[in-house]
Amino acid sequence: MRLYDKIVKKPWPYWIGGSILAVLNVSLLIATDSVWKITTGFLYWGAAVLEKLGYNSADWYYFSAYDHGLKESETFFNNSYTVLNIAVIVGALLAVLWANEFKWKKIKNTRQFFFALIGGVLMGYGTRLSFGCNIGAYFSAIPSFSLHGWIFAVFMFAGAWLGSKILFKYIL
Amino acid sequence: MTSSRIEALKKQKQMEIRKKNNQMHYAVLGTTITFMIYFMLINYHLRLSSFWIIGILLGITMQRSRFCFASSFRDPIMVGSTSLLKAVLLAFIISTIGFFIIQYKTIVLNPDYLITEIPGQLSPVGIHTAIGAVLFGVGMVVAGGCASGTLIRIGEGYMMQLVVLIGFIIGSTLGAKHFVFWDKTLISKAPIIYFPKYLGFFPSLILQLILLCSLYYIADWYDKKNNITITM
């Protein structure tokens, strides 16, 4: 029962978390020939919505360049990114349920709503330029021995610093 | 305290426990469905089943260890603690070794490798990387979390991160639509810089490990320095 509490109820130490994430990322590369990436999946969902609305988003230049297109037999909704992203959400959900900690947490006010939306848009747009997010262009890129991972790390840090300055000066 | 008050408290406590036990049912149900999907996928599409089960484990690990990439950058500045940053660096050390073995095996079999055939995540690097990363960093602070954090928080029941996700979808779709412009002006001129191609395989591994270990050492020193000042 004590071990159960340790695993299910108490937070794990960061270094254990980090080590498991690393092993999982390596396992993913071995099992699927693909690393952990998140935001391309978000783009595919956006493109799926546009397709439903009647736009030919699949014809965009983006999808014909740099191996950005869908793999054979995949669609904008039915693809490995969708499976992986939903699995991460479900994994987190299961973890909180086992710990009896699940709770709906509402948005406090419209300000928070707009912060969330604008922050999301900025991050999303950024990921198309940098070929990934803090996972694809950082967590999976640095171990791949690609310089862009290190550059991303430095400038993400600079951006976070700039962001907090802007927040403190103009908004808060 | 009157006995009736105590009784009321007792009842309240029992209600709370019962309410908590309710989540256990959902946990059992959710876990069963998760395994059912896994076994279904094994038959239907083996590759997707790996994405599914590893994704589940990534979600559980990030949630349980309160792992947050945004905080790993923020904590050293705001509170002087580097325990998360050290965990990220440790993850890099482990995955660098793992990725190295996988890449090395591929390339030994095929010495005339093309850069696009190397397993892992290799992308062109240049000014666009910096612009994208700065936008990402600003957005991360404004929205209060990164991409992986957003997914985890959605699983925990935060409505706000659903809005972040919608923003993420809008932003990345816009970015993809404008990609022609960025590609013509910046990206198409940028190279992929893959260290082993320039430095050789083992030197790249050793140098990267030395760099990561040094950063770990500095982070550790910084943490200790700050904690001493606090206790004094």
Side-chain angles (χ1 to χ4, degrees), chain A residues 11-12 14-15 17-18 20 22 25-26 28 31-32 35 38 42-43 46 61-62 80 83-84 87-89 91-98 100 104-105 107 116-117 119-126 128-131 133-134 140-141 143-148 151-152 155-156 159-160 163-164, chain B residues 20 23 26-27 48 50-52 54-56 59-61 63-67 69 87 90-91 94-96 98-99 120-123 125 128-130 132-139 141-143 146-147 151-152 155 157-160 163-164 167-169 171-173 175-176 179-180 193 195:
Chain A
W12 303 349
Y14 290 141
W15 68 270
I20 298 176
N25 203 5
V26 175
L28 194 66
T32 69
V35 290
I38 296 177
F42 296 164
L43 164 66
Y61 171 73
Y62 180 90
S80 58
V83 173
L84 188 57
V88 172
I89 296 174
L93 174 65
L94 290 178
V96 276
L97 285 177
W98 280 111
N100 278 321
W104 286 108
K105 290 161 195 99
I107 300 167
L117 193 67
V121 171
L122 284 172
M123 283 193 281
Y125 199 95
R128 288 316 95 197
L129 284 177
S130 54
F131 289 73
C133 59
N134 62 306
S140 297
S144 301
F145 298 98
S146 178
L147 179 64
H148 83 290
I151 302 292
F152 185 86
F155 283 91
M156 170 168 59
S164 26
Chain B
K20 278 189 169 175
Q23 285 199 1
Y26 290 119
L48 285 187
S50 308
F51 279 107
W52 175 253
I54 291 174
I56 296 282
I60 293 174
T61 309
Q63 204 286 326
R64 278 293 87 203
S65 58
R66 313 280 190 269
F67 214 80
F69 288 93
L90 178 65
I94 296 170
S95 47
T96 292
F99 278 37
Q121 182 64 32
L122 309 169
S123 304
V125 59
H128 62 278
T129 316
V134 167
L135 285 175
F136 189 88
V138 173
V141 174
V142 173
C146 58
L151 295 178
I152 303 300
Y158 284 84
M159 304 283 201
M160 196 179 104
V163 181
V164 179
F168 240 128
I169 294 173
S172 48
T173 310
F179 192 77
V180 190
I193 296 188
F195 294 129

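Each chain gets a letter, A, B and so on, in the order its sequence line appears, and its residues count up from 1.
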Return the minimal non-hydrogen interatomic distance between [X] and [Y], and the atom names on each side.
{"X": "B:S50", "Y": "A:T32", "result": "CB-CG2, 3.7 Å"}
{"X": "A:C133", "Y": "B:A147", "result": "SG-CB, 3.7 Å"}
{"X": "B:G155", "Y": "A:A92", "result": "CA-CB, 4.3 Å"}
{"X": "A:W15", "Y": "B:L90", "result": "O-CD2, 3.8 Å"}
{"X": "A:Y125", "Y": "B:L135", "result": "CD2-CD1, 4.0 Å"}
{"X": "A:L43", "Y": "B:T173", "result": "CD1-CA, 3.5 Å"}

Rounded distance [0.5 Å steps], [atom1] in [X] versus [atom2] in [Y]:
{"X": "B:W52", "Y": "A:L84", "atom1": "CH2", "atom2": "CG", "answer": "10.5 Å"}
{"X": "A:N25", "Y": "B:I94", "atom1": "CG", "atom2": "CD1", "answer": "11.5 Å"}
{"X": "B:H128", "Y": "A:I151", "atom1": "NE2", "atom2": "CD1", "answer": "10.5 Å"}
{"X": "A:L147", "Y": "B:L122", "atom1": "CG", "atom2": "CG", "answer": "11.0 Å"}
{"X": "A:I38", "Y": "B:C146", "atom1": "CD1", "atom2": "SG", "answer": "7.5 Å"}

If we define contacts as heavy-atom pairs under 4.5 Å, which of [options] has the most with chain B?
{"options": "A:I89, A:L117, A:I20", "result": "A:I89"}
{"options": "A:A141, A:S80, A:S164", "result": "A:S80"}
{"options": "A:G18, A:A87, A:G119", "result": "A:A87"}

Parallel, tilted or perpendicular: ring planes of B:F136 versus A:F152, cut at 30 and 60 degrees: tilted

B:F99 vs A:V35 side-chain heavy atoms within contact, under 4.5 Å: yes

Heavy-atom check, side chain of A:F145 versus side chain of B:T96, under 4.5 Å: yes

Top of B:V180, B:V141, B:I152 for chain A proximity - count of heavy-atom pairs under 4.5 angstrom: B:V141

Residue, of B:I169, B:I193, B:L151, that accumulates the most heavy atom pairs under 4.5 Å with chain A: B:L151

Step-by-step side chain to side chain contact (heavy atoms under 4.5 Å, CB included) determination, B:T61 to A:W12: CA-CA 8 Å; B:T61 309; A:W12 303 349; 4.0 Å; yes

Toward chain A, the part of B:Q63 with a non-hydrogen atom under 4.5 Å: side chain

Intermediate values then yes/no, side chain to side chain contact (heavy atoms under 4.5 Å, CB included), A:M123 and B:V164: CA-CA 9 Å; A:M123 283 193 281; B:V164 179; 3.9 Å; yes

